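For this chain, numbers begin at 1 and follow the sequence in order. When a ligand or atom number is given, it counts from 1 through the structure's own listing order. As the structure is a computational prediction, the values presented were derived from the model and not from experiment.
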Amino acid sequence: MKHVPYLDLRKINAEIQSELELAFSQVLASGWYILGEALKTFEAEFADYVGVKHCVGVGNGLEALHLILRAYEIGPGDEVIVPSNTYIATWLAVTYAGAQPIPVEPDPRTYNLDPTRIAAAITEQTRAILPVHLYGQPAEMDAIMAIAEQYNLVVVEDAAQAHGSRYRGRMCGALGHAAGFSFYPGKNLGALGDAGAVTTNDDHLAEAVRSLRNYGSKRKYENERKGFNSRLDEVLAALLSVKLPYLEDWNRRRQVIADVYTRAFSRIPELTVPYVPDSSTHVWHIYPLRCAHRDALQAYLAGEGVETLIHYPIPPHLSKAYADLNFTRGAFPLAEEISQTELSLPISPVLSLAEAERVTQAVTAFFGDGAGK
Ligand SMILES: *Cc1c(COP(=O)(O)O)cnc(C)c1O
């Protein structure tokens, strides 16, 4: 029986190995490894791809979000609305800035921030909304932008899982006032190490993030603010330039697999397949299946050689890291329910259709051949 891995990064990179090696050699030979031409090139290419004026490369996705909040001078005493259902990095960015994360529950169908619940969470201290395009599906941005306008708030997109994802035809990363991307190796566009970027049409913000990522200086030894060291290395920028032209094709391959899964599992009453509204182009960073018997299903699949993951087993408000906020179980029931029922199936540009079939057969077999029901 053949093992189906959740994600085989080696296989993805092997498809373009010679191009990656060439890019690496060029940076090696250049003798310039930080804030050079390779980064400038990638920043221009990624800004163009997303359809924004500016892209600023930074150390990782968490820093991208953190530096945006800093650049907007959001900090102690301020509140930022975040999804209750997200990876903890979204919350940590707010905490890094010194502000308070204020969780809001998701729409139970899309798993993304529910715009109808946002107004009730807004106070005199609220400065920003930080929607996440979770699993690769855009948040409900028109409604979120309308609320932000009404209350004069900044909207920062967490686009760490949404490279190439589109909302009403417009690219994630170009929908709010600024966006943070992650190029963590496992993301849809992944480097061979940690990397991230800020995208924005706001000249002032781009300028501020450029300074903040580099010790708070635009010119060497002239430090206008207390900045950070959070830069996207030349080697990684060059590798990302090699990978970017493949992203659309890679996302389409993920979409084919998602279609196979959704078609097979829609017929099984015990399963909830992802809901994709007409306004969304999902890029399937994660394929989130939901099942009341999630743990048993996961164990069964493991026995069948099918590797799965859970995104995420502990919602941020119940994690030890945020014990100081004193949230108890039941505080955000939708996020808790998702954390108890979500199961991520293998999905990637290099998962073959035969492997996807093996996954669907194994899942179907667990339900006693649900197709026959
Ligand atoms: C990956 C991720 C981040 C953080 O990105 P890093 O590059 O790992 O720091 C932030 N938010 C979400 C939703 C993510 O998935």
Side-chain angles (χ1 to χ4, degrees), residues 6-7 9 42 46 55-70 80-97 101 103-104 106 110-113 128-139 141 144 155-165 172-173 175-176 178-199 209 212-213 228-233 236-237 239-240 243 251 254 282-288 309-317 319 321-322 335 338-339 342 344 347-348:
Y6 181 76
L7 171 64
L9 286 178
F42 175 69
F46 197 67
C55 166
V56 184
V58 297
N60 53 62
L62 171 54
E63 282 298 335
L65 298 170
H66 167 224
L67 296 187
I68 292 168
L69 296 172
R70 290 263 178 182
V80 177
I81 290 175
V82 296
S84 57
N85 178 51
T86 183
Y87 181 52
I88 197 168
T90 315
W91 288 40
L92 288 174
V94 177
T95 304
Y96 270 30
V104 167
T110 63
Y111 312 134
N112 273 324
L113 200 53
I129 308 174
L130 214 175
V132 180
H133 308 304
L134 196 69
Y135 306 138
Q137 167 145 285
M141 288 302 289
I144 291 169
V155 176
V156 180
E157 304 167 66
D158 181 339
Q161 305 188 353
H163 320 71
S165 175
C172 287
L175 304 168
F181 281 89
S182 164
F183 306 118
Y184 173 81
K187 299 289 160 86
N188 288 32
L189 180 62
L192 307 190
D194 276 313
V198 171
T199 56
V209 173
L212 282 169
R213 73 171 172 184
F228 303 85
N229 175 357
S230 181
R231 302 170 300 211
L232 202 175
D233 296 335
L236 299 183
L239 301 179
L240 286 167
K243 288 187 149 193
N251 283 343
R254 289 174 182 268
H282 203 312
V283 293
W284 304 106
H285 173 58
I286 285 164
Y287 185 92
L309 296 177
I310 295 167
H311 296 93
Y312 296 89
I314 303 170
H317 72 279
S319 73
Y322 280 107
I338 293 166
S339 74
E342 193 275 347
S344 307
I347 194 160
S348 85

Residue list, ring-ring contact (aromatic ring centres under 6.0 Å, His included) with H66, at least two apart or on another chain: Y96, F228
Donor-acceptor pair, distance only, cut-off 3.5 Å: does the side chain of N251 make one with the backbone of G164? no
Just checking, is any N or O donor in the side chain of S344 or H311 under 3.5 Å from an acceptor N or O on the other one? yes
Would you call the rings of F183 and H163 parallel, tilted or perpendicular, taking 30° and 60° as the class edges? tilted
Taking ring-ring contact (aromatic ring centres under 6.0 Å, His included) as the definition, give me every residue that meets it alongside Y184, ordered by chain and number, with sequence neighbours left out. none
Could you pull out the N/O contacts under 3.5 angstrom between ligand 1 and the surrounding protein atoms?
{"residue": "ligand 1", "atom": "5 (O)", "partner": "S182", "partner atom": "OG", "Å": "3.3"}
{"residue": "ligand 1", "atom": "7 (O)", "partner": "G61", "partner atom": "N", "Å": "2.7"}
{"residue": "ligand 1", "atom": "7 (O)", "partner": "S182", "partner atom": "OG", "Å": "2.6"}
{"residue": "ligand 1", "atom": "9 (O)", "partner": "G61", "partner atom": "N", "Å": "3.3"}
{"residue": "ligand 1", "atom": "9 (O)", "partner": "L62", "partner atom": "N", "Å": "2.9"}
{"residue": "ligand 1", "atom": "11 (N)", "partner": "D158", "partner atom": "OD1", "Å": "3.3"}
{"residue": "ligand 1", "atom": "11 (N)", "partner": "D158", "partner atom": "OD2", "Å": "2.7"}
{"residue": "ligand 1", "atom": "15 (O)", "partner": "Q161", "partner atom": "NE2", "Å": "2.8"}
{"residue": "ligand 1", "atom": "15 (O)", "partner": "K187", "partner atom": "NZ", "Å": "3.1"}

For Y111, what residues pass the ring-ring contact (aromatic ring centres under 6.0 Å, His included) criterion, not counting sequence neighbours? Y135
